[in-house]
Amino acid sequence: MSIFETPPSQRQFQSSVYAAPAANTLYPELPTELRTPARTSNTYGGPPGAPAGFVTPERPADMAAHPQQQQQLQKVPPTTDNLSPVARAARTVNEYLTTEARYPQLDDIVSQGQSSDYDLPRSPAWEPFQRSFSHTIPDSIFEQYNRATSHTLMGLFAELKQAWITVDNRLYLWDYTTQGSFQGYEGQPNNITAMRLLTPKKGVFVESVNYVLVVATTVDIFLMGVEAVTNSRGGKDVKLLTSPLSVPTKGLGVSIIEGSKNTGRIFFGGRGDNDVYEFTYQVQEKWFHGKCGKICHTNGGVSSFTPRLPFWGSPKDTEYIVQMVMDDTRNLLYTLSSKSAIRAFHVKGDTTLQLTITHSFSHTLANIRVMIGNTPLLEPKTPIIAISPVTSSEARRTHLIAVTTSGCRLYMSAVTSEYGFGGTDAAPTAMQVIHVRFPPSGTGQSSLKPTRKAKVFPPGYFFCFVDKPDSNVDELFLSAPDSGKIALLAESGTSRLQLAETGMTLQLDSRVEAVELVSAPFGASKGPNGFGNEAAVQYDMAPTEVAILTNSGIHIIKRRRLVEVFDAAIRYGSAGSPLGVEGEVRKFFETYGRGEGCASALAVACGASIEVNQMQARITDVEVCDLARKYFIEFGGKPRTESVYDSYDQSALPSLDNIKVSGRAEGIALYISRIVRSIWKSVMIVEAPGPVPMYKSNIPIPKLKGIQEQLVRLAKFLQTNRSFIVGLSGAESLMGLGSRVEEVAQQAEHRMLHALLALIESMIEGISFVLFLFDDKLDDIIASLLPTQQEEVKRITYDGLFTTESGQALAKDLVTAIVNRNIAAGMNVDTIADALRRRCGTFCSADDVVVFKAIEQVRRAKNETSDPDARNKLLRESLRLFEETAGSLTMENLRDTLEHYRELGYYPGAVQLALKVANEHDRGNEALGFLADGGLDTDPRASFYHKRVECYRLIFEVLEELDLVFGTVPEMIDGVPSPATRIRNETWTLVHSSTDETFHNTLYDWLFTRGGGGSSERLLDVDSPHVLSYLKRTSINSLPHYELLWQYYARREDYFAAAEVLHKLSQSDFDLTLGKRLEFLSRARGFCHSYGPMGTRQKMNELSHMIQEELDVAAIQDDILKKIKDDDRITPAKKEKLSKELDGNLLSLSDLFNKYADPYGYMEICLAIFQGADYRGANEIRKCWEQLISQVHAKAVASQRVQPFEIVADTVRRLGARFSLSEYIFPPNDLVPLLEIYAYENQRDVGPPTWVVDTLSEAGIANETILRILDEMFWRDEVPFKGTARRRLVRDAVFVAEKWFAAAVRRGGEAALKTEMVKNVLHQFAQAIPDGADKERIVRLIEEITKRLG
């Protein structure tokens, strides 16, 4: 039922509502004195009760009836079907990056206990390291070495790619990579005992000093500045600078120097004692402190300031420091003594060094015995010979790795006391061994004994130098964690991870002097999780290189990546492996898994088996690439699902998201994620500090080019081999499949590969665009953007640029800025557009070129000021070009273009272009369906509607400006329309002639809401078929639109439709006053009485009859409202409440009677309700008259201004005129006795004796009827008319008869027919009363009647 249709129970008053007496308890706020006494007659009943049971809105019936179905719907996983290919591939890349970031940290791999498993490959192809270079020591160095008289030292400055040697008091350095850059320092006379290259304190040296060289001699320790500048060969040009900073150290025998990179503090120790000293230095001298000094942090007193004596005891018993290592991530300095005691110092700020842990070797052995028991490899005869720190980035719990002479590695943890108050940054207070890593031979006789020197580099590269006394040379054992195996164990959900290492032995044929890290310390992440995942960064970071200095030369040891191992396995398999090529490749796949195997095969096939470094050549061996391609395709497997599905049950088929793709797809996705991992989440542009905004690339340009080159080679490989790769070969790959499950799996494979290809192309184009951007004037381009766009440029990441719509939109803005800047510089638009299309066609499409040409036409039009025709021609050409690419225009482009059109006065073109763009953005006209279905925000078509509305708003801005500019211009000039009039008419003609219904709806909304000027009335003048549909749709929820709807019909003389609208409006739920509803009903009735076409006249009459009935009821409601407002008996609060109820929606007669008229004693209105309801209950009506007369009499008595009978008489006469046509509402048989009794009991001898008869006659009751009723009353002989009181009735009867006679004489005809009845009544009166004046009067009257009427 429409909201404008009144329910039948309210439109008609049915007699069945008189069901039970009215209960005044329904109105508790009604004062007792106002309540109408209960009567025995029927009253209006209320509406029927609501059903006992119903479904609440919170629990719909269908959902309440199917709880299981609801649970099933909640279990459905989210689908990726609505993602674009690029977005789906981006999601896959994110998943792989997240998985690789979950690589277990060191603490999880080396849990408490022991381990000794190593993979010791027999083939060099599987070895973890390789000797990449060997450099000999120059002859000139040997010459200086031969000149030594007492003491020589050798070492490496790996950061500078320099080796050094000291010969007594002389220092010599050379570039070991080129055998050149030889230089020496002989500026001091004392033998050199130790030397270390460290990071200087900030602000002490000039900015050109990169490092500080700390040199210890037999008598002092001094500093030298080092300037290292990168040369064209990739090496370093080193320059040594002397400084006056030195302190005496005589007697200390300084042999160990260490420093902090964070603070620049320098620590040292010597063979003379076990103390830790610090070399302090600063720029200026201070009180009690010079520019430099020496502090002993472990032994106070005079020893801090005085030279040491040579020995305090036996040299064999003296404990001294043999090694110092610094962990800047935890601010801890570790020392190892000659008795294998480990100490930890907390470095706080620039001055404090606090000893927090002293862990003797006996404590270490005790920890080990408790954990694993006794072992001959760990006993007092196998002391610790080296320690290596484990940074907080690598592990949270593990702090240190100690190596014994038996080749065992002890993983140690330093913990903070739980009772400490230092918080999370507090220094550790205890140390213990948490894991023992035995050498390759297990717990028996060690193959690494005796270990002379050892070092561990992140993420666990173990370099162990074993002394071979018989030949006086060292043998090198190397091992490294196998991140591929560890990752596979972690993904398989193994309950306990184990350290999987691959080891090898390398013959150096010389004596090792030093081992240092050449490349930057490894770290796949900034935290422990994922830190050691070497496989994840093998295509992104250069392999780790370590330099080993021996007495014969320098050996460069390079870590081999998985891709290089795969490459070597193919070569080894084809060269003589007993397994053959396929066997070696299968071994790789079984060891590292299908995805890793396919990724490595793909990398080799794409030529990435040598580290990405422009200085080195890549492998181009065709046979190796072909074999890698073969095994990538053949060993990739098939897509599959983990669950078992019925091949014939369509409803049980898996979704595409539940399919596990093949190893080929996994390998491609893994390879892509590893190529772009370093830039994926990195911002594209960073702002350089300075007064003027300066911008630069966050990623080095060579790195971007390298990544792009890898992607290009990958794309080329996939394109070349797409016919061989299942999933890329097209629809033919679906043929010959055995079941529907296989078809679904193949579809998922195709979808994944297609998405990855799309992502590769997007990234290649994206990097080309970024490189093009950096080649141009980046600062000027960004400065030309809007402030919001500038902020977006600073925040955009590479993955956002590659894969998101916002990134593509920002790229479009940057392209526009590039073109605009070059056009402003005088460059042709075709030239710059062609350059963009060649390098990054996706970011500058053919449509973009057309847009740029259109923009150029607009600019030329702005510059054309002398020839209006030429300017208009340019504007029309720009409009044509813009319309060609309307579908690709963004809102920013459209807004800017329309602003230019408005500046040039090209208003028609602005409207036409905006309409074209709106239609192109919603070619399926989804917005119209969205409006027709209610316009819910959850509707997926809402986006189409909002895009259209954005375009329409720009049109409205144009129209507003058009009216503002030309509103005061004369329409006619010399009898001809002015140019302004022509422009305005042309523009509005375009608006009204548009076939876009959605636009018309939005236009009418704008006209309606626009302030001033009668814009809403303007709707009624629009001659468009869309106006009516618009008004019908909007009038449902808008009262002003509803009023416009009936006016629209009335103006077009469709009076029946106007009446229908007004009728529905009067019954609606809008916030209308009762007077307004009466107005609508009256107007509707007037329209029903107007002219109507053939076929509608009967409907108009029916509607008129219905409206009349409703008008009568509404009039009664209005009377009640007025009564209540004037009723002094009702409290103001109650009166306000009742007025609000009545001054609104139309109520039914039942409600009006039961709630208002009867409870409040409005008897006149009750009679009107009886009449409207066609009620004929005589007793109820009689009692209503009785109460009415009683109320009127009481009111008159209370006022004391007039006689009560006068008020009663006036009331009866007035109501007679109103109800005389209804003998049931105005019943003479009841009213005549009521008035006679009232006059006798309340107004006896007051007023004229015949006022009752006169009142009744004037009220419309016929005289003969009054006479008949009086006659009946006389003969009934009822109280109060008994005895002599009956004469009052006789007198009134005689008076009525006289009036009848006078009227009959005048009229004759019909009145004479009742002569006999009158004469009979008078004869009976004459016989019944005694003689007297009354009897004589009756006799005379009878004679006159007989004489005149017969």
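We number each residue from 1, following the sequence as shown.
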Checklist entry - Can you check whether Leu83's main-chain N or O pairs, donor with acceptor, with Arg88's side chain at less than 3.5 Å? => result yes
Next on the checklist: With salt bridge (Lys or Arg N to Asp or Glu O under 4.0 Å) as the criterion, how do Glu564 and Lys558 come out once you've worked through the C-alpha distance, each side chain's angles and the decisive distance to 0.1 Å?
Outcome noted: CA-CA 12 Å; Glu564 293 161 359; Lys558 183 174 75 71; 3.4 Å; yes
Checklist entry - Does Gln538 reach the main-chain N or O of Ala535 with its side chain, forming a donor-acceptor pair under 3.5 Å? => result yes
Checklist entry - If you round to the nearest 0.5 Å, how far is CD of Gln498 from CG of Asp117? => result 6.5 Å
Checklist entry - How about Asn94 and Lys681: do any of their side-chain heavy atoms sit closer than 4.5 Å? => result yes
Next on the checklist: salt bridge (Lys or Arg N to Asp or Glu O under 4.0 Å), that's the test. Do Glu749 and Lys638 meet it? Break it down for me.
Outcome noted: CA-CA 9 Å; Glu749 178 88 355; Lys638 296 180 179 180; over 6 Å; no
Next on the checklist: Can you confirm whether Trp680 sits close enough to Tyr798 that some side-chain heavy atom of one is under 4.5 Å from a side-chain heavy atom of the other?
Outcome noted: no
Checklist entry - So do Leu728 and Leu757 actually touch side chain to side chain, heavy atoms under 4.5 Å? => result yes
Checklist outcome for this item: Which of Val585, Val604, Asp626, Leu602 passes side-chain contact (heavy atoms from CB on, under 4.5 Å) with Tyr631? It is Val585
Checklist entry - Is there a donor-acceptor pair closer than 3.5 Å between any side-chain N or O of Asp107 and the backbone N or O of Thr398? => result yes
Next on the checklist: I'd like to know if Glu100 pairs up with Arg674 as an ion pair, taking the criterion as any Lys NZ or Arg NE/NH1/NH2 lying under 4.0 Å from an Asp or Glu carboxylate oxygen.
Outcome noted: yes
Checklist entry - For the residue pair Phe463 and Phe129, is the inter-centroid distance of their aromatic rings smaller than 6.0 Å? => result yes
Checklist entry - Does CD in Glu687 sit with more than 12 non-hydrogen atoms of other residues, nucleotides or ligands closer than 6.0 Å? => result yes
Checklist entry - If you measure from CD1 on Ile668 to CD1 on Ile760, what distance do you get to the nearest 0.5 Å? => result 7.0 Å
Next on the checklist: For the residue pair Asp540 / Ser678, report whether a side-chain donor-acceptor contact shorter than 3.5 Å exists.
Outcome noted: yes
Item to check | Criterion side-chain contact (heavy atoms from CB on, under 4.5 Å) on Arg677 and Val537, from CA distance to verdict | outcome: CA-CA 8 Å; Arg677 70 181 306 275; Val537 297; 3.0 Å; yes
Checklist entry - Relative to each other, are the rings of Phe588 and Trp126 parallel, tilted or perpendicular (30° and 60° limits)? => result tilted
Next on the checklist: How close do Gly766 and Leu801 get, counting heavy atoms only, and between which atoms?
Outcome noted: O-CD2, 4.1 Å
Next on the checklist: Just so I know, are the side chains of Leu506 and Ile557 near enough to count as touching, which here means a heavy-atom distance under 4.5 Å?
Outcome noted: yes
Item to check | Side chain to side chain, Arg437 and Tyr118, heavy atoms closer than 4.5 Å | outcome: yes
Next on the checklist: I'd like to know if Glu590 and Arg586 make a salt bridge, using a cut-off of under 4.0 Å between side-chain N and carboxylate O.
Outcome noted: no
Item to check | Arg131 CZ to Leu476 CG distance, which is reported to the nearest 0.5 Å | outcome: 9.0 Å
Checklist entry - Where do Leu497 and Ile486 come nearest, in terms of heavy atoms and distance? => result CD2-O, 4.5 Å
Checklist entry - Taking C-beta and beyond as the side chain, do Thr99 and Arg102 meet within less than 4.5 Å on heavy atoms? => result yes
Checklist outcome for this item: Val581 and Ser574 have their tightest heavy-atom pair at CG2-N, 3.3 Å
Next on the checklist: Any carboxylate oxygen within less than 4.0 angstrom of a Lys/Arg side-chain nitrogen, looking at Lys660 and Glu666?
Outcome noted: yes
Next on the checklist: Whether the side chain of Glu584 engages the backbone of Leu579 through a donor-acceptor N/O pair (distance < 3.5 Å, no angle test) should be reported.
Outcome noted: no
Checklist entry - Taking atom NZ of Lys703 as the centre, does the number of heavy atoms from other residues, nucleotides or ligands within less than 6.0 Å exceed 12? => result yes
Next on the checklist: For a quick test of reading the model, state the closest non-hydrogen atom pair linking Ala748 to Ile659 and the distance between them.
Outcome noted: CB-CB, 3.6 Å
Checklist entry - Going by heavy atoms in the side chains, are Lys794 and Tyr695 under 4.5 Å from each other? => result yes
Checklist entry - When rounded to the nearest 0.5 angstrom, what is the spacing between CG in Leu499 and CD1 in Ile109? => result 6.5 Å
Checklist entry - Donor-acceptor pair, Ser600 side chain versus Val563 backbone, under 3.5 Å? => result no
Next on the checklist: Nearest 0.5 angstrom please: Ile767 CD1 to Ile701 CD1, how far?
Outcome noted: 10.5 Å
Item to check | Closest non-hydrogen atom pair, Ala601 against Ala628 | outcome: O-CB, 3.4 Å
Next on the checklist: Testing the 3.5 Å rule here: is there a donor-acceptor pair between the side chains of Glu545 and Ser519?
Outcome noted: no
Item to check | Min side-chain heavy-atom separation Gln708-Leu704 under 4.5 Å | outcome: no
Checklist entry - Does the salt bridge (Lys or Arg N to Asp or Glu O under 4.0 Å) test come out yes or no for Arg571 and Asp567, once each step is laid out? => result CA-CA 7 Å; Arg571 297 177 186 273; Asp567 180 282; 2.7 Å; yes
Checklist entry - Going by atom types only, do Tyr461 and Glu534 share a side-chain donor-acceptor pair under 3.5 Å? => result yes
Next on the checklist: Is a donor from one side chain sitting under 3.5 angstrom from an acceptor on the other, for Asn721 and Arg629?
Outcome noted: yes
Next on the checklist: Run the side-chain contact (heavy atoms from CB on, under 4.5 Å) test on Thr329 and Glu394 for me, step by step, so that the C-alpha distance in whole Å, both residues' side-chain angles and the decisive distance to 0.1 Å come before the verdict.
Outcome noted: CA-CA 10 Å; Thr329 63; Glu394 189 175 357; over 6 Å; no
Checklist entry - Taking the six-membered ring for Trp, are Tyr539 and Tyr671 ring centroids under 6.0 Å apart? => result yes
Checklist outcome for this item: Separation between CD (Glu792) and CG (Leu814), nearest 0.5 Å, reads 9.5 Å
Next on the checklist: Could you report the tightest heavy-atom contact between Gly637 and Ser662, atom names first, then the distance?
Outcome noted: O-CB, 3.7 Å
Item to check | Whether Ser577 side chain and Gly573 backbone form a donor-acceptor pair below 3.5 Å | outcome: no
Next on the checklist: Using only atom types and a distance under 3.5 Å, with no angle test, would you say the side chain of Ser697 pairs donor to acceptor with the backbone of Pro700?
Outcome noted: no
Item to check | Arg713 and Gln710 side chains, donor-acceptor separation under 3.5 Å | outcome: no
Item to check | Side chain Asn698, main chain Ile685, donor-acceptor under 3.5 Å | outcome: no
Item to check | Arg594 side chain to Phe589 backbone, donor-acceptor under 3.5 Å | outcome: no
Next on the checklist: Whether the side chain of Ser673 engages the backbone of Leu97 through a donor-acceptor N/O pair (distance < 3.5 Å, no angle test) should be reported.
Outcome noted: no
